Each structure stands twice: as C-alpha cells, then as structure tokens.
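Just the heavy atoms: all of them, side chains too, but no hydrogens, waters or symmetry mates, feed the values below. Owing to the predicted nature of the structure, the values given are computational and were not obtained by experimental measurement.
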Amino acid sequence: MNVVTRFAPSPTGFLHIGGARTALFNWLFARHHGGQFLLRIEDTDRKRSTSEAMDAILAGLRWLELDWYGDEFYQSRGIERHKATAQELLRDGKAYLCYCTPEELTEMRETARKNGRSMRYDGRWRDRDPADAPKGVDPVVRLKTPLDGVTIVDDQVQGPVCVENTQLDDMILLRSDGTPTYMHSVVVDDHDMGVTHIIRGDDHLTNAARQTQLFSAFGWEVPTFAHIPLIHGPDGKKLSKRHGALGVEAYRDMGYLPDALRNYLLRLGWSHDDEELISTEQAVSWFDLDAVGQSPSRMDFAKLESVNSHYIQQEDSAKLVELTIRRIVESQAAPVTLEAQGRILSGLVGLRQRAKTINELAEAAMIYVNRPVFPLDNAKAARLLENDGGTLVLDSAKLLITIDDWSEETIEAAVRKLAESKSLGFGKVAQPLRAALTGSNASPSIFEVMKALGKNETIARLNAVP
RNA sequence: GACCCCAUCGUCUAGUGGUUUAGGACACCGCCCUUUCAAGGCGGCAACACGGGUUCAAAUCCCGUUGGGGUCGCCA
C-alpha cells in the first residue's frame with residue numbers, strides 16, 4: 001500500500017502538545033507503511049500567520065526528531081491553483097455565485113438556531129438567475145452540496161460516521177475578495193500532494209464530511225480519514241496553558257527528552273498490549289491506526305516524568321552531560337569549567353539515577369560546579385556539622401589524605417574503618433561528610449562524590465569546614 | 001440549541017461473548033534494601049457511569065438515560 005501522510009499546522013502559534021502527537025502519529029504511520037510523511041504549512045490566513053510561529057513549529061518538529069519528506073509546502077503558494085479549481089467547479093455547474101451580505105448571513109444563522117436547525121445558509125442563490133445579482137456586491141463561490149442523502153466518513157479510528165446532507169450547507173470555496181478558504185485549499189492540496197491518509201485531531205471530524213463532498217464534486221478519490229481524540233487537561237476540560245497546552249519547546253525547557261515526550265505521547269491514546277517503554281524502532285513496527293483509542297485522554301505530568309526518568313537512565317553519557325551543562329549555563333548564566341564538566345561525567349551514574357528531568361539533573365550536578373558556602377543555607381545539613389560533626393569531617397580529611405588509590409572501594413573502606421574505630425554507626429560519619437562535601441543532606445553516594453571530585457578537591461572541601 | 005464523537009481503577013490503558021476472583025503502567029500507601037535522597041525488590045489500595053434488552057453466558061452486542069468532548073465563521 002502506498003502511503004502518504006501529512007501534518008498541516010497553521011502558523012498562528014507554537015507547536016503544542018496535541019499537534020505534536022498528531023505529527024507523531026502521521027510520522028509513525030508513514031514509517032510503518034514505508035510511505036512518506038509530508039509537512040504543509042497552512043498559512044493562508046496572512047493576518048494571523050507569523051514567521052515566529054512558523055519557525056517555532058519547524059524547530060519543535062526537529063527537536064522531536066520528526067523529519068518530513070522533502071521540502072515543506074506552503075499553502076499560500078497554491079492560491080492560484082485553488083482559485084482555478086474553484087472556477088472549474090463554477091464552470092461545471094457544481095458551484096455558484098452567492099451575493100448574500102454578512103448581515104443576511106447573520107440573520108439566517110439566528111433563525112436557524114432559533115428553529116433548532118444546524119443548517120445555516122439557506123441556499124438562496126443556489127438556483128437564482130445571475131442576472132439578479134446586485135450591483136457593487138462581490139460574490140463568494142459556494143459549492144452545490146447534495147440536498148438529500150447522507151455523507152459517510154469511514155473513519156479509521158471512529159468508525160463510519162454518517163451525516164445527513166441536510167445538515168450541511170453550501171460551503172464557501174472562494175471569499176468575496178477571491179481568495180480561497182481553508183476548506184477548499186485543504187482538499188485541493190491534499191489531492192495534489194497525493195495524500196492517502198489524513199490523520200488529524202478529532203476537532204476536524206465534522207469538517208471531514210464537508211471535505212468528502214468537495215472531493216466528490218471534483219471526482220477525486222477521497223483519502224482515508226483518521227480522527228484522533230483530543231488531549232485534555234488533568235481535569236478533563238480543554239487543555240489550557242496551565243495544564244500543558246504549551247509549545248514543545250516549553251517541554252524541552254522543563255527538562256524533558258524528545259524520546260521521552262514521543263513515548264509518552266504515543267501511549268496517550270494508543271497502546272500495544274502492556275508495553276509502556278517503547279523504542280522508536282518498536283513504535284514504527286507496531287504502530288497502526290486500529291490500536292488508536294476513541295476516547296479523549298488527559299495530560300498527566302507525573303507519568304511524563306516517569307517516562308522521562310527512564311530515558312534519562314538510558315541516554316548516552318556524553319549527550320546527557322552536554323544537555324546538563326547547557327542547562328546549567330542557561331540558568332546560571334555562567335560557564336562551567338572543564339574540570340567541573342569532568343566531575344559531572346564522573347559522577348553521572350549517581351546523578352542520573354536521581355533525576356526525572358534534565359533540570360533536576362542540572363540542579364543536582366551543581367555540587368560538582370560550586371563549593372559549599374559556609375554557613376550552609378540548608379538547615380539540616382548545617383546541623384550535621386554541629387557538635388562533633390565538624391571534628392569527624394576533619395579527622396576524615398586527615399585519614400583520606402593518606403590514600404593513594406583514590407577509588408570508591410578504598411575510600412569506603414577507610415571511612416568505614418574510621419567509624420568503627422570511634423564506635424560510631426556508619427551514618428554518623430557519612431552524613432557530616434555529605435554536608436561538608438555537598439552542602440546538602442541528600443546526595444549521591446559520598447564515595448562516588450569523592451571519587452568524582454578527586455582527592456585534592458575532596459580534601460579541600462573537608463578542610464574548609466569551619 | 002442542532003449535529004457529531006466518546007464512556008474499564010485518580011490517570012494512561014489491556015480486554016473484541018465464556019480462558020477474568022477484570023491484567024499492566026503512573027500516582028498513592030506499606031515493607032525490604034540502605035550512609036542520605038533516589039533507584040531497585042516485594043506487597044497493598046483502586047474501575048467495567050446508570051437502566052433496560054439480546055444470549056445458556058456480556059466489560060464485551062443493541063436501545064435509552066446520564067455525563068464528558070467536538071463542531072456549528074467570507075479562521076484554520
């Protein structure tokens with residue numbers, strides 16, 4: 001089966017989470033079937049389209065590693081073609097000129113609503129003699145849609161959806177200024193681009209019926225539709241900014257990995273038995289429309305974090321260090337020395353195990369960037385150095401300075417021996433050391449920290465305790 | 001309001017008429033491990049919206065109710 005999918009965002013805002021999932025599903029579906037995934041920017045609304053939004057969408061897609069086939073299409077470049085096809089329909093008597101004023105339309109809408117009908121435009125110019133055309137009024141071009149019968153959208157996710165044709169009015173193809181509408185442009189473009197599968201949000205389901213009518217008017221084959229349920233906020237209501245209706249770059253800034261976000265989004269509304277952590281390769285081989293759920297799902301940051309932490313465990317060390325350092329530099333607006341970078345890499349095992357996001361990782365890694373400042377801000381840590389805590393730290397320093405083989409094992413053996421010699425529980429020694437070394441009462445293993453810090457820095461930090 | 005879609009633990013979901021005391025994951029709770037915090041291991045809590053049918057048998061099929069969502073622009 002030849003498969004061509006497309007993602008068609010309008011550049012009026014960033015690439016939000018729902019759009020990202022739509023793009024992912026299209027990408028996956030095309031990959032799975034060995035087809036092509038195309039990108040089309042729907043920029044026909046010049047007033048609302050911005051180049052910033054366009055850049056944000058492209059950057060978001062690239063960050064998510066959802067690459068599209070060939071160059072992206074710009075809908076605005078097809079305007080002449082869209083106009084021409086509408087004229088064809090007009091010539092063939094499948095469309096007509098309508099001279100209704102906006103006021104008339106508003107009135108019609110109100111009447112329709114009052115009478116409990118969904119049909120808005122009453123088709124008053126459908127069969128009217130063009131000679132009746134009022135002077136000085138620019139007409140719109142409307143499609144002559146079927147007056148009776150039903151239009152069936154055989155949706156791959158929702159199943160067959162039947163809409164009575166009496167519910168659908170004659171849609172506008174060309175505005176009175178001659179420019180094509182979205183409904184018209186989409187159909188022409190999808191046909192011209194050879195799109196075989198239209199996978200998009202559920203909010204377009206009712207559009208599918210209208211677009212089907214247009215495809216039929218042209219005598220074109222209707223693509224297969226698949227409307228995926230929308231993502232809602234944690235409360236089941238429409239996704240708001242507070243709930244995560246953010247651009248994907250915001251997710252990057254919150255410290256999520258693209259692989260993790262993709263995995264999370266994939267599982268939101270799609271499943272493969274009990275699989276939770278799914279690699280891209282597996283996703284490509286498993287993904288199909290029949291496993292897409294029919295009900296809307298809710299955004300769950302806790303689950304996203306959990307998935308993200310798994311990907312942080314799996315991420316390549318060098319890459320992880322790079323991301324961590326970049327984040328530190330961004331937030332501290334200060335460089336990280338090569339020495340500190342080496343320490344972070346050395347202590348990465350313990351750091352990554354405790355981090356759910358890159359941001360948490362960057363924060364935890366600060367113990368390798370800055371020395372603790374006394375008196376410590378952390379009250380619990382400060383308390384660990386009170387009484388004989390400070391003495392234990394200095395005793396440890398004296399002992400550790402004699403160690404030549406600076407390995408975790410040797411360091412641990414030495415510290416354990418010290419605790420034993422003083423008849424102290426191991427924790428009694430370890431906690432003050434932790435406070436002296438990291439300025440905190442919680443950190444990775446102190447032996448790992450000492451190893452990563454190196455002997456000189458370790459001794460220096462221990463001796464710095466007042 | 002009209003039309004369309006949806007309905008299994010708090011959340012994401014498995015389940016396609018009997019294999020189900022409804023499974024997994026996240027979250028939550030407890031225990032273990034333990035130098036702290038995590039991670040990990042073990043265990044626990046927790047759902048078929050409701051009402052009618054169909055059938056020997058229904059979470060699974062049908063109808064209705066309720067609830068949620070979407071659409072109703074010369075926006076996309």
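Annotation: proximity of residues 362-395 of chain A to RNA chain B (heavy atom, distance under 4.0 Å) is found for no residue.
Atom-to-atom, NE2 of A/His232 to C1' of B/A7 comes out at 13 Å; the value is rounded to the nearest Å. Across the protein-nucleic acid pair, A/Leu168 atom CG and B/C3 atom P stand 13 Å apart, rounded to whole Å. When rounded to the nearest whole Å, the span between CD of A/Glu42 and C1' of B/C75 equals 12 Å. Rounded to a whole Å, the CG atom of A/Leu205 is 19 Å from the P atom of B/A2. Protein atom CD1 of A/Ile278 is 16 Å distant from nucleotide atom P of B/C12, rounded to whole Å.
Remark: B/A25 base-pairs with B/U11; criterion is Watson-Crick or G-U wobble with both hydrogen-bond distances under 3.5 Å. When Watson-Crick and G-U wobble pairs are counted only if both distances are under 3.5 Å, B/G1 pairs with B/C72. For B/C50, the paired base is B/G64 (Watson-Crick or G-U wobble, both distances below 3.5 Å). Both distances falling under 3.5 Å, in either a Watson-Crick or a G-U wobble arrangement, occur for no nucleotide opposite B/A59.
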N/O donor-acceptor pairs under 3.5 Å from side chains in residues 259-266 of chain A, not counting sequence neighbours:
unit_1   : atom_1 : unit_2   : atom_2 : d
A/Arg262 : NE     : A/Leu64  : O      : 2.9
A/Arg262 : NH1    : A/Thr280 : OG1    : 2.8
A/Arg262 : NH2    : A/Glu65  : OE1    : 2.4
A/Asn263 : OD1    : A/Ile278 : N      : 2.9
A/Asn263 : OD1    : A/Tyr311 : OH     : 2.5
A/Asn263 : ND2    : A/Glu276 : O      : 2.9
A/Tyr264 : OH     : A/Asp300 : N      : 2.7
A/Tyr264 : OH     : A/Asp300 : O      : 3.4

Would you give me the side-chain donor-acceptor pairs under 3.5 Å for residues 425-435 of chain A, sequence neighbours excluded?
unit_1   : atom_1 : unit_2   : atom_2 : d
A/Gln431 : OE1    : A/Arg434 : NE     : 2.7
A/Gln431 : OE1    : A/Arg434 : NH2    : 3.4
A/Arg434 : NH1    : A/Ser443 : O      : 3.4
A/Arg434 : NH1    : A/Ser443 : OG     : 2.8
A/Arg434 : NH1    : A/Pro444 : O      : 3.0

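Taking 3.5 Å as the limit, the base of B/A25 and the side chain of A/Lys303 contain a donor-acceptor pair of atoms between them. Checked by distance alone, A/Glu275 brings no side-chain donor or acceptor within 3.5 Å of a matching partner on the base of B/G24.
Taking A/Glu110 as the reference, A/Thr106 meet the side chain to side chain contact (heavy atoms under 4.5 Å, CB included) condition, with sequence neighbours excluded.
Separation of the C1' atoms belonging to B/U34 and B/A39 is 11 Å when rounded to the nearest angstrom. Taking atom P on both nucleotides, B/G30 is separated from B/A14 by 31 Å, rounded to a whole Å. Nucleotides B/A49 and B/U8 have their P atoms positioned 6 Å apart, rounded to a whole Å. Remark: the separation of the P atoms in B/A7 and B/C50 is 15 Å, to the nearest Å. Between the P atoms of B/G10 and B/A22, the separation comes to 16 Å (whole Å).
Side-chain polar atoms of A/Thr151 and A/Asn165 form a donor-acceptor pair below 3.5 angstrom. In this model, a donor atom of one side chain and an acceptor atom of the other lie less than 3.5 Å apart for A/Asp170 and A/Tyr96. For the 3.5 Å distance criterion, the side chains of A/Asp177 and A/Thr179 qualify, holding a donor opposite an acceptor.
Residue order along RNA chain B, read from the 5' end via each residue's closest nucleotide, puts A/Tyr264 first among A/Arg48 and A/Tyr264. For the pair A/Arg175 and A/Pro160, both in contact range of RNA chain B, the more 5′-proximal nearest nucleotide belongs to A/Pro160.
For A/Ser295, the side-chain atoms get nearest to B/C6 when compared with the rest of B/C12, B/G69, B/C6. The side chain of A/Glu276 has B/G24 as its nearest neighbour among B/A76, B/G24, B/C26. Ranking B/G69, B/A2, B/C4 by closeness to the A/Gln167 side chain, first place goes to B/A2. Of the candidate nucleotides B/U13, B/A76, B/A27, B/A27 has the atom nearest to the side chain of A/Ser306.
Between A/Gln294 and B/C6 there is a side-chain N or O to OP1 or OP2 distance below 4.0 Å. Remark: A/Ser176 is not in phosphate contact with B/C74, judged by side-chain N or O atoms under 4.0 Å from OP1 or OP2.
At a threshold of 4.0 Å, the pair A/Lys422-A/Asp395 counts as salt-bridged, since one of the basic side-chain nitrogens sits closer than that to a carboxylate oxygen.
A 4.5 Å side-chain heavy-atom check between A/Ile367 and A/Leu437 finds every atom pair outside the cut-off. Under the 4.5 Å side-chain criterion, counting only non-hydrogen atoms from C-beta, A/Leu418 is in contact with A/Ser396.
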What are the atom names and distances for every N/O pair under 3.5 Å that joins the protein to nucleotides 14-17 of chain B?
unit_1 : atom_1 : unit_2   : atom_2 : d
B/A14  : OP1    : A/Ser271 : OG     : 2.8

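Here the CG atom belonging to A/Asp192 is positioned 7.0 Å from the NE2 atom belonging to A/His82, to the nearest 0.5 angstrom.
Both tests hold for A/Arg21 against A/Phe25: distance to the six-membered ring centre under 6.0 Å, angle to the ring axis within 45°.
Residue A/Asp288 places its CG atom among more than 12 non-hydrogen atoms of other residues, nucleotides or ligands, all under 6.0 Å distant.
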For nucleotides 30-50 of chain B, read 5' to 3', which letter fits each nucleotide if B means a protein heavy atom sits under 4.0 Å from the base, S means only the sugar-phosphate is that close, and - means neither?
-----BBBBS-----------
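Among the candidates A/Leu214, A/Leu174, A/Val141, the single residue satisfying the side chain to side chain contact (heavy atoms under 4.5 Å, CB included) test with A/Leu89 is A/Leu214.
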